[in-house]
There are 2 protein chains.
Amino acid sequence: MDSSQFSDFIKPRDIAVNDRFWGAFMERVRTKVIPYQWKALNDAIPGAEPSYCIRNFKLAAELTHPELDYGIPRDIGFGGMVFQDSDLAKWIEAAAYSLVWHPDPALEKTLDETIAIICNAQQGDGYLDTYYIINGLEKRFTNLKDNHELYCMGHYIEAAVAYYEATGKRRLMDAMIRYVDCVDKHIGAGEGKLHGYPGHEIAEMALVRLYAATGDGKHLKLAKYFIDQRGQAPLYFEEETGRNGNTFYWKDSYVKYQYYQAGKPVRDQHTAEGHAVRAVYLYSGMADVARLTGDEELFAACKDLFANITEKQMYITGAIGQSAYGEAFSYDYDLPNDTVYAETCAAIGLAFFARRMASIAPRGEYADVIEKALFNGIISGMALDGESFFYVNPLEVLPEASLKDRRMRHVKVERQKWFGCACCPPNLARILASLGSYVHSVAKGAVYTHLYLGSEAKLSPAGKEVRIKIETGYPWDGQINIGFALEGKSAFSYGFRIPGWCGSVAVKLNGADAAYTLRDGYALIDREWSGGDKLTVTLDMPVNLMETNPKVRQNSGKLAFTRGPLVYCFEEKDNGKELFKLRAGEPVDFKVRYEKDLLEGLCTLSFTGKREKDWQGGALYRKQGEAEYEDRELLLIPYYAWANRGAGEMTVWINK
Amino acid sequence: MDSSQFSDFIKPRDIAVNDRFWGAFMERVRTKVIPYQWKALNDAIPGAEPSYCIRNFKLAAELTHPELDYGIPRDIGFGGMVFQDSDLAKWIEAAAYSLVWHPDPALEKTLDETIAIICNAQQGDGYLDTYYIINGLEKRFTNLKDNHELYCMGHYIEAAVAYYEATGKRRLMDAMIRYVDCVDKHIGAGEGKLHGYPGHEIAEMALVRLYAATGDGKHLKLAKYFIDQRGQAPLYFEEETGRNGNTFYWKDSYVKYQYYQAGKPVRDQHTAEGHAVRAVYLYSGMADVARLTGDEELFAACKDLFANITEKQMYITGAIGQSAYGEAFSYDYDLPNDTVYAETCAAIGLAFFARRMASIAPRGEYADVIEKALFNGIISGMALDGESFFYVNPLEVLPEASLKDRRMRHVKVERQKWFGCACCPPNLARILASLGSYVHSVAKGAVYTHLYLGSEAKLSPAGKEVRIKIETGYPWDGQINIGFALEGKSAFSYGFRIPGWCGSVAVKLNGADAAYTLRDGYALIDREWSGGDKLTVTLDMPVNLMETNPKVRQNSGKLAFTRGPLVYCFEEKDNGKELFKLRAGEPVDFKVRYEKDLLEGLCTLSFTGKREKDWQGGALYRKQGEAEYEDRELLLIPYYAWANRGAGEMTVWINK
């Protein structure tokens, strides 16, 4: 681990996003998702399963401070899932980012009032989890494996720091510092403490984020403890299960404690296993702690895990988690397109992990994965009207199979309004609302640009403020104009990513061909920059026909189509039923058309492909004959936009 | 339905099988399976889950006749599944056939003693199901949907008639006639009766078989009632569930009452749905009743169902039931090779159904399916040593997937010793032990030969006994010598099947080219036959490369290899790991070799195919490049023989 390569991603407040593509998604989050979620959290959506989330906090506050009256009957009980608290935290986090991007005093007032309720629920010793406050505090910390206290704490830390960074208001952050103190008192290395760690990870990276805000070493120390202790013998989850009579849901499974990434110490883990969201949240925390503590061994495990995911277990859309059973990774080179799980949250978590790896070393392989996940497997989770969501993001859908085949029952053909377990929509909201913070990272004397979003950022790579303005029609065209505004001059190295999908790039500096060094997927220009400097990067953006490593049996003989960062797909709406009869042939006549009125505006691809003809007669098998095809104009749309025109078949991969 | 085409299959006692291929299977059943099952039924297999079957009968007999003492504690309770009785019935049936094929006084004595115990358990009113005799007779007939009384009755009728036909002994048959009388009193059309029918079918075809033995019309009438009443509104199973507080396991499924083929009247069913074994048992009974009652509408439903299965839902091995969930059919053109269920018993049931259809009309499509199932998806269920068994008969196996992928956990990579629910081994035993009865059927003035087994049968198509002797090396070579022995002359039409896989046939009669008429897959010679006539049928038996209807997405671009009736497969043992990397190419140099020391003697196929090479480097995706292949000598063995040399990958289909 070469600490001279470390860089810090910028904060949302240091960048104004003004991007045609992403701006639309961020606006959907701001104007649709955040208000809709607020209603959901308040059980105000007719016909939807209630969330109970706000009600739980109000009830917990009333029980903690009997003089308070939010109008909640005191015997009504806890509602929703054991981790219900986390939904509100994700909403606060997303709303906090949106305040940065679009100030909104009414929303800020709602947030302050909500934070007041949360803080009123906090116990004298700092404890703050409504499930146990309502159901009985004597049972707290008795099921770290499954009852999500530390998961909820992690999400509240994320929310608290985001809100502090957005508004400067400390109330929620101070409450979380007290909660962490409480946890610290009960869980950790010392004698008499529980030697436990979270069943669902996120606290690890959240504590690192808290440490960045507070500078208090005990926050980093607790994150490191959770990581180091995980999977150590004797196994805490096993002891806890025996001691407290908890259920071990994965007893009869192959995955066992690796469902929680706790089957062995994390440094001994080199293959992504178990629940995919938990896994990438853990790996994100591991990368954070590795960087901050200079832990080479931990970083080596991160690199192995990242390589395992991206070289052996990742869909071409950046989606991960092949198996619905356990919402989990399956095994190397197993990438079923139809029975896939590919949870939206898992792709988001992979972007978190990749971002942290990019912060340790600016290597194109990391930011390529962020970009791939964002443009494909993440935003496919949200309808273009911002009102419905996929948990599961399949690469092949047959409505009849989803209806009739139990193994595909989780694969929905249309996005759903809301979920009982509502993790994906708020997770989408928080990553999209904070997207600006993925654009650049800054090191001493260096700036790296990882994503090309229309934006204006202020950075200080060399002691002097520099404003970097990006203008681009990305992902529809590959020209990126990068302007530098500063007073006088500033010498620093500017690195900008050349995406892995791009075969050819042209770089001009102030109109003339620019000299640059290519290193690890970044073009580097180390010079003294002046106000008014203009860099023009033109990424060649042809249609690429992609194939999969022959070790992946599910994609043998199949091709997918990409252009720039976007994976494309075939929908029934454009290409008829029985998409498995399509054949790519050897396409020579690709047409790329920007259609402003289609699906909020996007580029379609089309080419003359083939479609296998039906046989004469009803035989199911026959001696090999001459297959008959008809030429067909095939039309593809970007994968993220699928299922926005009603239910139908879809596929990313077709036969050659 | 043309009743002039009706024919009756011969009884086991009228044919002596002496076939190199099938004789070995029948000997395994006689010398391994039947003795092993007997031990299992008596809980005498160390380490195996007890069956409790004989114990249940002894206990029921003691409870019925308190003076009896079989040494079973009277409070020990019922053991095993609710349908445990049926295991013993299947064993009796198989053992009865084996007595015909190989008389065995010790076995016959054991059978007589066992039948005595069964009969001692019978109630005064004829009732005979140990689950209710032991657990409380007041609950009998309260859960026809799930508690299998009528299923067990059906199996006992089959056993009773088989034993009567084998030995002339009526004791068990008389007991079953009394049980049917009891059922008749409680269930049926009359007022005050339950308007029910079996949850798991088999009684329908069993009652028809009883009718054939007794000539008593009420046995046919009850079979017809069960068929006609099934699925009629108001739905009996729904009423029964409500009345008795039973559980409806399929409430949340897509299949609902069609799991039991009871979602609508059987005449309205044109698509095979629900539990596959139940379905084909029902359809077998429907075909029986259609023939005996001249019911055109019922026969039309049978034809539709047969066509639906064989043209849209049958694996190339003759296996059926694509879905582990519900052990069921899924939907048209859905034929997953790896997550398949393909229960051995379902393929056996399909052979039952096809045999009954062939009895209505000798059409090659029916006997082709019997042959296909027998040579492939049925006998694959048994190890070549007769000591272990598959429930599930996949067409593609990856041991890692079976271990790690929950969706394939039912797909075992090695045959298992015995099962808690032991339906497949005894079902295999009863079909194999009675295989001679599938060879010929006889109509007035006509004989049809459906299967080519070395055998000698006695038949009387035209009032005079004719002995037909078949000698053949089938399925390894296609020459079949058919000799006719009779006194003097007899005029009848002799029809012999030209299998659907056979492109070219030579027929000689007494050494000279024979004239024959080809009709519906049978070659017909209508003449006056004399003792000593010799017919030589030579079926051309090349290797066939087979492909699947383009509507089956799982087999797009794939080929399977067959020779004669046998489907072949690739095993890891012969072709290395990662069989999905194999490519057929355009094979021109097939070698067919009989290997007498391999897997009990069989013909292997080999040819020069290809294997895709691994990529340089670790990328998971790349821009389409030139695929690289290496030539490989590929070796195939018959599918039925797979998994007899340890665990490993297997596939029937490979890419072109």
Side-chain angles (χ1 to χ4, degrees), chain A residues 253-255 307 310-314 316 322-326 330-336 339 396 398 400-401 403-407 409 501 503 544-554 556-557 559-560 578-581 583 612-615 618-625 627 655-656, chain B residues 253-255 307 310-314 316 322-326 330-336 339 396 398 400-401 403-407 409 501 503 544-554 556-557 559-560 578-581 583 612-615 618-625 627 655-656:
Chain A
S253 73
Y254 168 77
V255 70
T310 57
E311 295 175 10
K312 297 181 181 170
Q313 299 203 72
M314 182 181 70
I316 195 169
Q322 304 99 312
S323 172
Y325 177 73
S330 60
Y331 53 91
D332 293 353
Y333 299 115
D334 178 49
L335 289 163
T339 58
E396 178 186 321
L398 200 65
E400 187 170 21
L403 177 67
K404 298 184 178 176
D405 187 336
R406 192 73 167 199
R407 297 168 304 124
R409 212 158 76 141
W501 53 259
N544 285 328
L545 276 65
M546 303 299 293
E547 60 185 6
T548 314
N549 191 301
K551 288 180 175 292
V552 178
R553 67 194 189 286
Q554 290 97 347
S556 278
L559 293 174
E578 302 184 315
L579 295 174
F580 48 86
K581 289 183 182 167
R583 298 290 180 276
E612 189 168 5
K613 288 189 188 173
D614 273 326
W615 290 355
L620 187 51
Y621 304 100
R622 72 173 189 192
K623 290 177 201 172
Q624 185 180 15
N655 281 315
K656 281 180 193 167
Chain B
S253 72
Y254 168 79
V255 69
T310 57
E311 294 175 11
K312 296 180 181 169
Q313 299 202 72
M314 182 182 70
I316 194 170
Q322 305 99 313
S323 172
Y325 177 72
S330 61
Y331 52 93
D332 292 353
Y333 299 115
D334 177 50
L335 290 164
T339 58
E396 178 186 321
L398 200 64
E400 188 169 21
L403 178 67
K404 297 184 178 176
D405 187 335
R406 192 73 167 200
R407 297 167 303 122
R409 213 160 74 141
W501 52 260
N544 284 329
L545 275 66
M546 303 299 294
E547 59 184 8
T548 315
N549 192 302
K551 287 180 174 294
V552 178
R553 67 195 188 286
Q554 291 97 346
S556 278
L559 293 175
E578 303 184 316
L579 295 174
F580 48 87
K581 289 185 181 166
R583 297 291 180 276
E612 190 168 6
K613 288 188 186 174
D614 273 325
W615 290 354
L620 186 52
Y621 303 100
R622 72 174 189 192
K623 290 178 201 170
Q624 185 180 14
N655 281 314
K656 281 178 192 168

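Labels below follow one simple rule: chain letters A, B, ... track the order of the sequence lines, proteins then strands, and each chain is numbered from 1. Note that this is a predicted model, so its numbers are computed, not measured.
Here the CG atom belonging to B:L620 is positioned 9.5 Å from the CD atom belonging to A:Q313, to the nearest 0.5 angstrom. The distance from atom CG of A:L335 to atom OH of B:Y621, rounded to the nearest 0.5 Å, is 4.5 Å.
Contacts between A:E612 and chain B at a heavy-atom distance below 4.5 Å involve the side chain alone, from C-beta outward. Using a 4.5 Å cut-off between heavy atoms, A:A401 contacts chain B through both its backbone and its side chain. Only the side chain of A:E396 comes within contact range of chain B, judged by heavy atoms closer than 4.5 Å. B:L559 touches chain A through its side chain: at least one heavy atom from C-beta onward sits under 4.5 Å away, while N, CA, C and O do not. B:L398 touches chain A through its side chain: at least one heavy atom from C-beta onward sits under 4.5 Å away, while N, CA, C and O do not. Contact of A:K312 with chain B is made through the backbone alone, with heavy-atom distances under 4.5 Å. For A:T310, the part sitting under 4.5 Å from any heavy atom of chain B is the backbone (N, CA, C, O) and nothing else. In this structure, no portion of A:S323 lies under 4.5 Å from any heavy atom of chain B.
With respect to chain B, the highest number of heavy-atom pairs below 4.5 Å among A:A619, A:S253, A:G625, A:A307 belongs to A:G625. Of the listed residues A:R622, A:E311, A:R407, the one with more heavy-atom pairs under 4.5 angstrom with chain B than any other is A:R622. By number of non-hydrogen pairs under 4.5 angstrom with chain A, the leading residue of B:N655, B:D405, B:V255, B:L403 is B:L403. By number of non-hydrogen pairs under 4.5 angstrom with chain A, the leading residue of B:K613, B:R583, B:K581 is B:K581. Listed options A:E578, A:Q322, A:K656 were ranked by heavy-atom pairs under 4.5 angstrom with chain B; first place goes to A:E578. Of all the listed residues (A:P336, A:S330, A:G557, A:S556), the one sharing the greatest number of non-hydrogen pairs under 4.5 Å with chain B is A:S556.
Using a 4.5 Å heavy-atom threshold, the side chains of B:F580 and A:V552 count as separate. The shortest distance between side-chain heavy atoms of A:E400 and B:Y333 does not fall below 4.5 Å. Under the 4.5 Å side-chain criterion, counting only non-hydrogen atoms from C-beta, B:Y325 is not in contact with A:R409. Between B:M546 and A:Q624 the shortest side-chain heavy-atom distance does not fall below 4.5 Å.
What you find for A:W615 and B:E547 is that their closest heavy atoms are CH2-O, 3.5 Å.
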